[in-house]
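We number each residue from 1, following the sequence as shown. The model shown is predicted, which means the values in this text are computed figures rather than measured ones.
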Amino acid sequence: MPIQQSDVLYTAVATAENGRDGRVATDDGKLDVVVNPPKEMGGSGAGTNPEQLFAAGYSACFQGALAVVARQEKADITGSTVTAKVGIGKNDDGFGIIVELSASIPNVDAETAKALLEKAHQVCPYSKATRGNITVTLV
C-alpha cells in the first residue's frame, strides 16, 4: 500500500540540468555531479550516469533492508555487501532498465543467504517501487 504525504519522514530533492548530459545536484549540496551518457550509448562517459546513481541507491537501500531482515531472523550479516547491476536497453516504448541484485553474506550458508535476500526484496522500498515495472533478479 502506498504511503500518504502525511507519512513522509524525509524528502530528497535533486535537480538535473541538461538531462543525461549535464549535471545533477541535491538541494543541500551533498551530491553535485556531472552526468554524461556512457560510451556504450554514444556519450563521453566522462561523468556518472543515471543508471550508476540508481544502482548506488538501490544497493544501499537493499543493504539496509537486508539488515532489517537479518535482525528479525537473528542472522549475522557482518561484512556483507550488496551489488546492484542496472542495465539499460531498448524496448517497445523506447528504453527500459533491468536490475540484478547480488549479495555476499560471509557468515551464513547459501540457503540462509537466499532466504534473507528474498525477504529483503519484500521489505526494500526500491524493490517495492520497481515490482511489476522492471525485471529484478536476485543472485
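Note that NZ of K85 is 12.5 Å distant from OG of S59, once rounded to the nearest 0.5 Å. With rounding to the nearest 0.5 angstrom, the CD1 atom of I98 is 5.5 Å from the OG1 atom of T137. Atom CD1 of I3 and atom NZ of K128 lie 9.5 Å apart (nearest 0.5 Å). Here the OG1-CG distance, from T112 to N107, works out to 11.5 Å after rounding to the nearest 0.5 Å.
When all heavy atoms are compared, the tightest approach of C124 to C61 is SG-SG, 3.5 Å. Closest approach of G19 and V35 over heavy atoms only: O-CG2, 3.4 Å. Looking at every heavy atom in both residues, D28 comes nearest to L31 through OD1-N, 4.5 Å.
Side-chain contact between Q4 and D7 is present, with at least one heavy-atom pair separated by less than 4.5 Å. T11 places a side-chain heavy atom less than 4.5 Å from the side chain of V8. With a 4.5 Å cut-off on side-chain heavy atoms, S44 and P37 do not count as touching.
In this structure a side-chain-to-backbone donor-acceptor pair under 3.5 Å is present from Q52 to N49. A donor-acceptor pair under 3.5 Å is formed between the side chain of R131 and the backbone N or O of H121. In this structure, Q63 contributes its side chain and V82 its backbone to a donor-acceptor pair below 3.5 Å. Judged by distance alone, the side chain of D32 and the main-chain N or O of G29 form no donor-acceptor pair under 3.5 Å.
Test L66, D76, T81, T78 against I105 for side chain to side chain contact (heavy atoms under 4.5 Å, CB included) and you get one pass: L66. Between F62 and the choices L138, T83, V123, the side chain to side chain contact (heavy atoms under 4.5 Å, CB included) rule is met once, by L138.
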Q. After noting the C-alpha distance and the side-chain angles of R20 and E51, does the key distance pass the salt bridge (Lys or Arg N to Asp or Glu O under 4.0 Å) rule?
A. CA-CA 10 Å; R20 296 181 70 87; E51 292 70 40; 2.7 Å; yes
Q. Given I77 and L116, is the side-chain contact (heavy atoms from CB on, under 4.5 Å) satisfied, shown in steps?
A. CA-CA 10 Å; I77 64 162; L116 290 171; 4.2 Å; yes
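Hydrophobic clustering of Ile, Leu, Val, Met, Phe, Trp and Tyr side chains at less than 4.5 Å, counting indirect connections, unites L101 with V108. Taken together through direct or relayed side-chain contacts under 4.5 Å among Ile, Leu, Val, Met, Phe, Trp and Tyr, M41 and V86 form part of one hydrophobic cluster. In the hydrophobic clustering of this structure, L53 does not group with V136; members are Ile, Leu, Val, Met, Phe, Trp, Tyr whose side-chain heavy atoms approach within less than 4.5 Å, directly or through other members. Clustering ILVMFWY residues whenever any of their side-chain heavy atoms sit less than 4.5 angstrom apart, transitively, puts F95 in the very cluster that holds I134. A single hydrophobic cluster is not seen to contain both V69 and V139; linkage of ILVMFWY side chains at heavy-atom distances under 4.5 Å, directly or through other members, places them apart.
Side-chain contact check for T130 and N133: no donor-acceptor pair (N or O, by modelled atom type) lies under 3.5 Å. Checking S127 against Q122 by side-chain atom types alone, no donor-acceptor pair falls below 3.5 Å.
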